[in-house]
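Report on the structure given below.
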2 protein chains.
Amino acid sequence: MSKKAIKDTSTEEKIKQAARIVFTKKGFAATRTRDIAEEAGINLALLNYYFRSKEKLFQQVMMEKVQMIFGVLFPIANNSETTLEEKVALIVENYVDLLLLNPDLPLFVLSEIRNNPEHFENKVGINMIKQSSLISQLKEKRADVNPIQFLISLLGMTIFPFVASPMLHAAGLVEGNEFTSLMQQRKQLIPLWINSILDCK
Amino acid sequence: MSKKAIKDTSTEEKIKQAARIVFTKKGFAATRTRDIAEEAGINLALLNYYFRSKEKLFQQVMMEKVQMIFGVLFPIANNSETTLEEKVALIVENYVDLLLLNPDLPLFVLSEIRNNPEHFENKVGINMIKQSSLISQLKEKRADVNPIQFLISLLGMTIFPFVASPMLHAAGLVEGNEFTSLMQQRKQLIPLWINSILDCK
DNA sequence: GTCTATACAAAGATAGAC
DNA sequence: GTCTATCTTTGTATAGAC
């Protein structure tokens, strides 16, 4: 639709865009509606005109972000046409790409799930993972270890560096622009390592 | 000193204890000084009497917490009398024990470092790690891979599940009390896996 | 040192003109 | 739909009695 281009820069959309940025960077409590208005280049009153409250606006942004982060894992895990090794490589690759573009995403989502777990109970496609092809394949490969343990390790190796990036810099472990190339490298390294773990007994 | 026992339950200490709990659970911005006062069972005015402001109180709590979390890694990494394998086992064991008792610690520290990175620049013993015995041993064992990559993976496997615990529950991957025993298991699993990674070529 | 009462500032939300 | 001005609530900090 040719209206699309217009709607994308509508006031409503500008506010949402700004909200995405500010909420993700500072979290719910530390964000002021005035910050969002300023970032959007609009008047504060308009925020309440379009979205009834700070809370309502936040919910919309939050749900988007949760879907972004789970949207990587679910489809890959549930695709029964790929091998275990392919799944691992895809998960790492897709998360690294997503998180290099949205570095604040995981810490934001994790913090806010933590602050309001009840908002997410039953909303995140429970058991979409536990009954997935990924879990079956893990079970088959290494019946001696809980597949959840593998999955936690895979996600930990992949997502943790983004969560911990400020700390890695503060501790002097990573410097300046080095981070991006380290993460790119991990696309190869992690699948290699996961295979070591699964194959070497 | 026999005064110690008395001082531990002094008003000042009660406030600090309460502050530890509330700040760690909700973060700086979402915490109200009234919450702390209520948790401590004291009057709100006393908080400002003992600590000049919310900010000052927060700084004290924060520094304690940063030291708790880095206090595990630094001594182990810098002990040149242990082997690489021993170091890995010790790091995992100590972090699991620490974080089972303080599950909110990592998300709290990571969020707040992120919100105010400048407070931590140069304060976290820069290069205490990069020049450590741990890094030398990693380099020697596998000269072909950046030792930082190994370290990130080790910390990711160990610390990430605690950061992600609310999400793991929300996604139905972990249920009820299962979490603790999974983490206990990881004390054995992670060192095993790290050895697989380091040894299998 | 501890409390009550209150000042002061910041932030969310709304009324009403245009 | 958008703006200015303002109300209301909430949260930090302080004054002053005990």
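Letters go in sequence order (proteins before strands), and every chain restarts at 1. A quick note: this is a predicted structure, and the numbers were derived from the prediction, not measured.
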Next item on the list: For atom CD of A/Glu140, decide whether the heavy atoms of other residues, nucleotides or ligands shown that lie under 6.0 angstrom number more than 12.
Entry: no
Does [X] make a side-chain N or O approach to OP1 or OP2 of [N] shorter than 4.0 Å?
X       : N      : answer
A/Tyr50 : D/dG1  : yes
B/Arg34 : D/dG11 : no
A/Thr33 : C/dA13 : no

Integer-rounded Å distance: [N] [atom2] and [X] [atom1]:
X       : N      : atom1 : atom2 : value
A/Glu55 : D/dT10 : CD    : C1'   : 16 Å
A/Lys54 : C/dA10 : NZ    : P     : 16 Å
A/Leu44 : D/dA5  : CG    : C1'   : 12 Å
A/Glu38 : C/dA11 : CD    : C1'   : 14 Å
A/Asn43 : C/dG12 : CG    : P     : 14 Å
A/Phe51 : D/dG1  : CZ    : C1'   : 14 Å
B/Phe23 : D/dG11 : CZ    : P     : 14 Å
B/Lys14 : C/dT2  : NZ    : C1'   : 11 Å

Next item on the list: State, without any angle test, whether A/Lys54 and A/Thr33 hold a side-chain donor-acceptor pair at a distance under 3.5 Å.
Entry: no
Could you please name the option among [options] that lies closest to any side-chain atom of [X]?
X       : options               : result
A/Leu46 : C/dG12, D/dT2, D/dT12 : D/dT2
A/Ala45 : C/dT2, D/dA13, D/dC3  : D/dC3
A/Asn48 : D/dT4, C/dA13, D/dT2  : C/dA13

Margin query: So that I can tick it off, tell me whether B/Arg186 and B/Glu93 are bridged by a salt bridge, with the cut-off set at under 4.0 angstrom between side-chain N and carboxylate O.
Written below: no
Notebook entry, point to check: Do A/Phe23 and A/Phe108 make the cut of ring centroids closer than 6.0 angstrom?
Noted result: no
Checklist line | Single hit among B/Val92, B/Leu189, B/Leu154 for side-chain contact (heavy atoms from CB on, under 4.5 Å) with B/Ile194 | finding: B/Leu154
